[in-house]
Amino acid sequence: MRPLPIVAIMYDFDRTLCTKDMQDYSFIPSLGMTEREFWDFTNEIWKREQMDSVLAYMYAMVKTSAERGIPLLREKLVSMGKNVEFFEGVEEWFDRINAFGAANGVQIEHYVISSGMKEIIEGTSISQSFRCIFACEFLYDENGGAVWPKTDVNYTNKTQFVYRINKGVLDISNDLDLNRSMPDDSKRVPFTNMIYIGDGLSDVPCMKMMKAYGGYSIAVYQNRDSKVEDLLQKDRVDFIYPADYSEGTGLDLTVKHIIRKMAVCDILERENSRQKRDIQTR
């Protein structure tokens, strides 16, 4: 039996699935700092040192923890995931969309591509819903303490993970196969079978990539403003919706319409290929 075609849905995490930056729920309060104090400190490092903004926040996590004598342990970060709060409908979303995909003859796979912390995401109630989580991560010493950035997912290099999903090269240490030339018809997930869901400007490179290659992009928001409307007006994104993943919402219905369209396109493509083979074997 021919395997079902795959539809990949990719998500940013902070302010896309959860309601604010994931460090704000538990990590920052554990330091005795306010959210503003921590992020102001991070921005100061970022601008003063002219460094990558994601590496700046990872350094700030290590530095503030050390200054307060609080070990930055992997197991502690994972445990903080249980306090992450999600938008309405998120926790039920994945099973429902998977079932819808199966009913329409496609296999749905969910991926995270986030500048947040992989360790915290792994501790959330939805972590098992993802085939792979691409996010920032620390390297740890023999005692489980963070010593160095292991993975840095910044706003522009997010696109490499879209390519990894496209080719099925999910091991981020495998650059050889990622960069190897591959015919389009042998790639595991065609760009035309991809949906990217994010919340703003940091997701624009991935959103524009979807538009360029025939996939779809959706911007979600808590409060609609000129920034998210600008993304739509300037064709940087296909759709904008409130971040409500409940059944019957605009976001839910549009994702289902896209999945249905992808399923029909796959049927038509297979029929076209079948007719060509019939002609060749006459």
Side-chain angles (χ1 to χ4, degrees), residues 11-87 90-91 111-130 132-158 160-161 170-173 198-203 222 243:
Y11 309 82
D12 181 34
F13 204 88
D14 293 347
R15 305 177 192 276
T16 295
L17 296 173
C18 65
T19 59
K20 55 184 179 179
D21 293 327
M22 63 184 69
Q23 293 87 348
D24 295 353
Y25 296 103
S26 299
F27 173 74
I28 295 174
S30 75
L31 300 173
M33 299 177 73
T34 65
E35 296 169 17
R36 180 167 184 173
E37 286 172 337
F38 178 82
W39 294 113
D40 283 351
F41 176 62
T42 295
N43 291 335
E44 178 187 341
I45 296 170
W46 165 42
K47 294 175 181 177
R48 183 183 69 237
E49 302 298 336
Q50 298 183 22
M51 66 189 295
D52 181 289
S53 61
V54 174
L55 288 175
Y57 95 64
M58 295 179 77
Y59 173 73
M61 290 179 70
V62 173
K63 183 173 176 59
T64 52
S65 296
E67 288 176 346
R68 286 158 176 76
I70 303 172
L72 185 56
L73 303 174
R74 190 181 201 285
E75 62 182 20
K76 183 176 180 181
L77 289 173
V78 172
S79 72
M80 292 177 177
K82 68 179 182 297
N83 296 322
V84 171
E85 298 174 4
F86 297 105
F87 286 116
V90 166
E91 293 182 289
Y111 297 85
V112 169
I113 305 178
S114 170
S115 295
M117 295 303 307
K118 182 177 182 179
E119 295 91 333
I120 296 177
I121 297 172
E122 287 178 346
T124 66
S125 61
I126 63 172
S127 63
Q128 298 304 311
S129 300
F130 304 109
C132 195
I133 298 170
F134 298 113
C136 300
E137 187 176 9
F138 286 111
L139 183 69
Y140 296 88
D141 61 22
E142 63 277 7
N143 298 314
V147 294
W148 196 261
K150 178 179 176 180
T151 305
D152 165 24
V153 181
N154 65 30
Y155 304 149
T156 53
N157 75 14
K158 278 187 173 185
Q160 75 149 295
F161 301 105
L170 305 184
D171 177 358
I172 63 174
S173 67
D199 69 292
L201 292 177
S202 66
D203 301 297
Q222 296 185 64

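As the structure is a prediction and not an experimental result, all values here were calculated from the model. Positions are given from 1 along the sequence.
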Open item on the list: Could you check whether any side-chain heavy atom of Phe138 comes within less than 4.5 Å of a side-chain heavy atom of Arg74, counting everything from C-beta outward?
Closed with: no
Task: Main-chain N/O of Asp199 paired with Thr16 side-chain donor or acceptor, under 3.5 Å - done: yes
- [ ] Please report the C-alpha distance between Glu35 and Lys20 in whole Å, then the side-chain angles of each, then the deciding distance to 0.1 Å, and finally whether the side chain to side chain contact (heavy atoms under 4.5 Å, CB included) criterion is met.
- [x] CA-CA 11 Å; Glu35 296 169 17; Lys20 55 184 179 179; 3.2 Å; yes
- [ ] Would you check if the side chain of Asp141 reaches a backbone N or O of Asn143 as a donor-acceptor pair within less than 3.5 Å?
- [x] yes
Open item on the list: So, taking the atom named NZ in Lys47 and the one named OG in Ser53, what distance separates them when rounded to the nearest 0.5 Å?
Closed with: 11.0 Å
TODO: Let me see the working for Phe13 and Ile113 under side chain to side chain contact (heavy atoms under 4.5 Å, CB included), right down to the final yes or no.
DONE: CA-CA 7 Å; Phe13 204 88; Ile113 305 178; over 6 Å; no
Task: Over all atoms of both residues, closest heavy-atom pair of Ile28 and Asp24 - done: CD1-OD1, 3.2 Å
Task: Of Leu77, Ile133, Val78, Val112, the residue whose pairing with Lys118 passes side chain to side chain contact (heavy atoms under 4.5 Å, CB included) - done: Ile133
Open item on the list: On a heavy-atom basis, which atom in Glu137 and which in Met117 lie closest, and how many Å separate them?
Closed with: CA-CE, 4.1 Å
Task: Separation between OG of Ser129 and OH of Tyr11, rounded to the nearest 0.5 Å - done: 8.5 Å
Open item on the list: Can you tell me how far apart CD1 (Ile121) and CE (Met22) are? Round to the nearest 0.5 Å.
Closed with: 4.0 Å
- [ ] Report yes if the side chains of Ser114 and Val153 come closer than 4.5 Å at any heavy-atom pair, otherwise no.
- [x] no
Task: Closest non-hydrogen atom pair between Ser115 and Asp12, with its separation - done: N-OD1, 4.4 Å
- [ ] Evaluate the side-chain proximity of Cys136 to Lys150: yes if any heavy-atom separation is below 4.5 Å, no if none is.
- [x] no
Task: Non-hydrogen atoms of Asp152 and Asn157 that approach each other most closely - done: O-ND2, 3.0 Å
Task: Residue pair Pro71 / Lys76: nearest heavy atoms and the distance that separates them - done: O-CD, 4.2 Å
Open item on the list: If I compare all heavy atoms of Asp203 with all of Lys158, which pair ends up nearest, and what's the gap?
Closed with: OD1-NZ, 2.9 Å
Open item on the list: Quick check: do Glu85 and Cys18 have side-chain heavy atoms less than 4.5 Å from each other?
Closed with: no
Task: Side chain proximity check, Leu31 to Ser65, heavy atoms < 4.5 angstrom - done: yes
Task: Separation of Leu55 CG from Thr42 OG1 (nearest 0.5 Å) - done: 12.0 Å
Open item on the list: A side-chain contact here means heavy atoms from C-beta on lying under 4.5 Å apart; do Asp52 and Trp46 qualify?
Closed with: no
TODO: Report yes if some heavy atom in the side chain of Val90 is under 4.5 Å from a heavy atom in the side chain of Ile126; otherwise report no.
DONE: yes
- [ ] State, yes or no, whether a side-chain contact exists between Leu17 and Phe87 at a heavy-atom distance under 4.5 Å.
- [x] no
Open item on the list: Could you walk me through whether Tyr140 and Leu72 satisfy the side chain to side chain contact (heavy atoms under 4.5 Å, CB included) test, starting with their C-alpha distance in whole Å, then the side-chain angles of each, then the deciding distance to 0.1 Å, before giving a yes or no?
Closed with: CA-CA 9 Å; Tyr140 296 88; Leu72 185 56; 5.7 Å; no
TODO: Mark yes when over 12 heavy atoms from residues, nucleotides or ligands other than Phe86 sit less than 6.0 Å from its CZ; otherwise mark no.
DONE: yes
- [ ] Take Met51 and Ile45 through the side chain to side chain contact (heavy atoms under 4.5 Å, CB included) test and state the conclusion after the steps.
- [x] CA-CA 8 Å; Met51 66 189 295; Ile45 296 170; 3.6 Å; yes
TODO: Report the distance from atom CZ of Phe41 to atom CD of Glu67, rounding to the nearest 0.5 Å.
DONE: 5.5 Å
Open item on the list: A quick test of your reading: do over 12 heavy atoms of other residues, nucleotides or ligands sit less than 6.0 Å from CD of Gln128?
Closed with: no
TODO: Please identify each residue that fulfils side-chain contact (heavy atoms from CB on, under 4.5 Å) with Ile172, with sequence neighbours left out.
DONE: Phe134, Thr151, Phe161, Arg164
Task: Exceeds 12 heavy-atom contacts within 6.0 angstrom, atom OH of Tyr59 - done: no
Task: Sidechain-backbone polar pair: Ser127 side chain, Gly123 backbone, donor-acceptor under 3.5 Å - done: no
Task: Phe130 CZ to Glu122 CD distance, which is reported to the nearest 0.5 Å - done: 11.5 Å
Open item on the list: Quick one, Asn154 with Thr156, criterion side chain to side chain donor-acceptor pair (under 3.5 Å). Give me CA distance, side-chain angles, the key distance, then yes/no.
Closed with: CA-CA 6 Å; Asn154 65 30; Thr156 53; 3.3 Å; yes
Open item on the list: Please determine whether the number of non-hydrogen atoms from other residues, nucleotides or ligands lying under 6.0 Å from atom CZ of Arg48 exceeds 12.
Closed with: yes
TODO: Answer yes if the side chains of Thr19 and Gln222 hold a donor-acceptor pair under 3.5 Å, and no otherwise.
DONE: no
